[in-house]
Every structure is written in C-alpha cells, then in structure tokens.
Trainee: 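Provided herewith is a single structure, encoded as structure tokens, for subsequent inquiry.
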Amino acid sequence: MASPNRNARTAVVLGRLLGVAFLVCFATGVYSYFLQQPLPWMRFPTRPAQLYQFTQGVHITAGIAIIPLLLAKLNTVMPALVQTPPVRGPLHLLERLSIAVFVASAIVQVTTGLLNTYQWYPWPFPFKQVHNALAYVLIGSLVLHIGVKLRLISRYWRKRDSYDEHGRFVVDPAAGSELLSPVQEERGASAAPEAAPQAVASYPRGITGRVLRWVDGVPAVPAVPADAAETRPGGPDSASATRAASAEPSLGVPQAGAAEASRASRATPEATDGRRERIARRGFFAGVTAATVGVVALTAGQSSTLAEPFNVFGARQRHRGPNDLPVNRTARAAGVLATATAADWSLTVVGHDVVRTFSRAELVALGTAEAELPISCVEGWSQMATWKGVRMRDLLDAVQAAPGSHVRVTSLERHGGYRIMDMGPEYAEDPTTLIALELNGATLDLDHGFPARIIAPGRPGVLQTKWIEKIEVIA
C-alpha cells in the first residue's frame, strides 16, 4: 500500500491511456449501434467495404486493452478509494459518488463487452440496449471526473514537473491529491529533504500496519531499550565515549578527512530513494505494458490478418468452419433445419405493384455476380470471403422498384431480434450487395444461410440476414 507508484503522476499517465481507449470504444460503438438502429435520415458509406471490419475490430481490441489498464489504475488509486474517513463533506460526497459511478460503469461495461465476444450472457437484461446506454453514462462520468480532477491532472501532466532531479515524486499538497499520506503532506509543506526517506513508509498502527509492512517488505521500527540511553548523545557516558573515540589511533589519516571520504563514497538518501522509485516505476509500467500488449496480441487475430498466428484467446478462429468461414449462429440454433432445406423453398420479392417468387434454380439462372466482401460480426471477429449470387438491385428491377428504395428482408427464423432487417438505398443499390448462393467456391452451407442469404459491404454480420424468405420494398 506504500508503493511509490501510487501517486498522482502514475494515475494521470494511466488515466490518459484509459481516456483515449474509452473515447475510441465510444465512437466505434456508437457507429455500430446506429448501423443496427439507424435514424430515418441516416445514410452510411459502403466504401471501403472493410470499414465495419476495421471499426469493430478496433472497438473490441481497445475494449480488451482497457482491462489491464483499468486494473492498473485501480491499483494505483486504491489508497484513495479506501481512505478513512470515506467522506469529508457534501462536495467530497458528490465527488466520491461520481467516481463510484465511473468505476462501476467501467467495470460492468468491459466485463459484459468481453463476455459478449464469447456470446455468453449470464444476466437477465438485453445486452445491446444496456451496453449502448451504459456507454453514455460512462463517458458522462468520465467527463465529470476529468473536470473534478483537472487541477491535479494539469499539475502532473508533464513528467519533468512530477519528479525532482533524483527521480523522486514531487509532493504538492496544493494540487489536491488524495494519494498523499500524512507524512507526504508534511514533507510537501515543509519541503525538507531529510523527511524524504520517510515519505513512502507511512503505515497505520497495530496489526493492519504490521500486515502492510510485511506486504511491502518494510521492517518494523525496533524499540529502543531503556539502557540504550547511556550510549545516546548527551547520555551519562557520552563524554567518555567521545574521549575514547578520539583516543583511537588515526592510522595516518586525519579523523575528519576519513569521515568526509566515507560520506563521499556513499550515495545520499535522496539519490538512493530516487533510484528505488525509478526502478519501481519502470517495473510497474513494464508489467502494465506487457499485460496490455499481451491481451491485445493474443486476441486481435480474430479480426486482423497480421495477428492471426497469435490468436490464442480470440472467440473465433479464422478459416475454421464450413465454407472455410466461422459460424456464429447455426441453422439448428435458429430452428430452420426443415424450412431451409424444403424442396418447395422460394424467395418472394414484393414491389409496390409487382410480386414475384423465385426458386433457387431460378435465382441461379438469373446470372451470378461475384464480390470479395468481409463477414464482420459485432463480437469482433471478421474474415474476407468470396461470394456469388444475384445482385439485390437486379431483383428490385424485376419488381419495378423505384431508385432509392428502402428494403426489408425477412428470415425463415421465427424468433430473434434480427429476424427482420431493414436496408437503406445506399446498400440496396450497391453493385456488390448480393443475394448470396455460393461462398468460397462452393454451395452456401446450411449454417451460413442456405438456400440464400444477404451479403452487403460495410455492414455488421447480424444484418447479413441468413435463410431469407422475403424481400419487400417498403419506401
């Protein structure tokens, strides 16, 4: 608990990294949400086709990187979180409540987000809606937290203003840090160099202090025996002891000169403490860096080709599954085993004045287009694939749909939040938006949406509807 890393400078450095990561997650998360729940006036780019693959990959990677950074920040500010008394007044109560909201929402957000990548939902609330709402709570409490701590942040923003020439943390009680022990506050107020060695060793009394000293490896201060007073300066035998010491032979070296030489050969307490603090800081940040880089490198391969060989903990492994592509939701889980393989399956296309139905053979006979498009899931994994099928705009032309039409696609599924999907005109008219019939050179597998599915550029995988039965022009 008396670690020299638990100071305002460390908290500011970790806070900057967390702030950037939270903002990146917020921006990419809002983009993903509005792709799935667009407002009527919204239009989205269809190029580059890998846009959502990039934004959602960054979203998940940044969210995973937050986990070790958040743990490191909580470790740094732990003394402030468990301070006594916990509240010192009305304003302090409001500040503590804002911090509690920020910490709680951050922990819930990253935990539920991580479990979502594995499609595990051990809670009773809907993930998408809560995750979206909590993002605004988190960003709002982050802004409030920055406002409350702005004076402290600006004071310790730069490294050169945070450490002295020996590498020791500069104590500034006026900055308002809650990580200062009483001894550190006294040291900062008096600016006495001799108080420095005590600055990192302020412990409570009793069993708690002993436990914390044992954790930190700091020996307890030994009690002074009663008879030791005789040898103290000013004690009864101090004069005789001094005379005896002066009577010792000098061995050819003046006594004062020997003392000066001895002092010159030893580092000052300030330099020693500075060296220890530097070593502690470097070790701490090296550990945090290794943890952050490690979790990113071992999971980013589910969305990045470069990191694919190191994908140890990613929820999906690329190129594993039917048609050389992973599967999120199987036909059995969707309950379409019978309807998707029925001999009389047909696709109904409904225009304003014309309605047509197409068997799978008739769709193939319309002529197949080919497109290289990624499947990019909200859980973070993605992979490029080769799709063949009928262009959406060709089917819309077959029912005399007007240019700029909005389209609604319905799946054979009877349950699920994505059974019905709406598509804006920017996607419906794109030449690479297909009613896919083949995947990676083979007939579409049942788990990938046989007999036909949607594939469009720059959209989440949940909107690439599988096992489709109807396409309607709705506007």
Trainee: On a heavy-atom basis, which atom in Phe169 and which in Glu277 lie closest, and how many Å separate them?
Mentor: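 Shortest heavy-atom contact: N-OE1, 2.9 Å.
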Trainee: Taking the six-membered ring for Trp, are Tyr31 and Tyr52 parallel (under 30°), tilted (30 to 60°) or perpendicular (over 60°)?
Mentor: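 Judged by the thresholds at 30° and 60°, the geometry between Tyr31 and Tyr52 is tilted.
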Trainee: Taking it one step at a time, do Gln119 and Arg316 satisfy side-chain hydrogen bond (donor to acceptor under 3.5 Å, both in side chains)?
Mentor: CA-CA 11 Å; Gln119 296 185 303; Arg316 294 289 184 276; 2.6 Å; yes
Trainee: Where do Arg16 and Trp157 land on the side-chain contact (heavy atoms from CB on, under 4.5 Å) test, with the steps shown first?
Mentor: CA-CA 9 Å; Arg16 287 196 307 228; Trp157 184 263; 2.9 Å; yes
Trainee: Has Arg419 got its NZ or CZ under 6.0 Å from the middle of the six-membered ring of Trp467, at an angle within 45 degrees of the ring axis?
Mentor: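 Pair Arg419/Trp467 does not count as cation-pi.
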Trainee: Tell me whether the rings of Trp123 and Phe125 are parallel (<30°), tilted (30 to 60°) or perpendicular (>60°).
Mentor: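 Judged by the thresholds at 30° and 60°, the geometry between Trp123 and Phe125 is parallel.
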Trainee: Any cation-pi pair here, Arg281 with Tyr163, using under 6.0 Å and within 45°?
Mentor: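 The answer is yes, since Arg281 meets both limits relative to Tyr163.
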Trainee: Is there a donor-acceptor contact under 3.5 Å linking the side chains of Glu426 and Thr46?
Mentor: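 The answer is no; no qualifying pair exists.
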Trainee: Locate the shortest heavy-atom distance separating Pro4 from Ala280; write the atom from each residue and the value.
Mentor: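 Closest pair (atom of Pro4, atom of Ala280, distance): CG-CB, 3.7 Å.
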Trainee: Could you grab the distance from atom CH2 of Trp41 to atom CZ of Arg43, nearest 0.5 Å is fine?
Mentor: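 Here the rounded value is 10.0 Å.
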Trainee: Could you work out, with side chain to side chain donor-acceptor pair (under 3.5 Å) as the rule, every residue matching Asp422, not counting sequence neighbours?
Mentor: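 Here the qualifying residues are Arg408.
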Trainee: Can you confirm whether Leu439 sits close enough to Asp445 that some side-chain heavy atom of one is under 4.5 Å from a side-chain heavy atom of the other?
Mentor: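 Contact flag for Leu439/Asp445 side chains = no.
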Trainee: Give the C-alpha distance, both sets of side-chain angles, the deciding distance and a yes or no for side-chain contact (heavy atoms from CB on, under 4.5 Å) between Gln53 and Ile375.
Mentor: CA-CA 8 Å; Gln53 181 182 26; Ile375 187 75; over 6 Å; no
Trainee: Determine, step by step, whether His448 and Leu325 satisfy the side-chain contact (heavy atoms from CB on, under 4.5 Å) criterion, reporting the C-alpha distance in whole Å, the side-chain angles of both residues, the deciding distance to 0.1 Å, and the verdict.
Mentor: CA-CA 9 Å; His448 280 305; Leu325 192 71; 3.6 Å; yes
Trainee: What is the ring orientation for Tyr136 with Phe26, classed by angle as parallel under 30°, tilted 30 to 60°, or perpendicular over 60°?
Mentor: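 Rings of Tyr136 and Phe26: perpendicular, as their planes differ by over 60°.
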Trainee: Going by side-chain contact (heavy atoms from CB on, under 4.5 Å), Met423 matches just one of Asp430, Thr433, Thr465. Which one?
Mentor: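 The single option meeting the side-chain contact (heavy atoms from CB on, under 4.5 Å) with Met423 is Thr433.
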Trainee: If you round to the nearest 0.5 Å, how far is OG of Ser411 from CD1 of Ile420?
Mentor: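 Ile420 CD1 to Ser411 OG: 9.5 Å, rounded to 0.5 Å.
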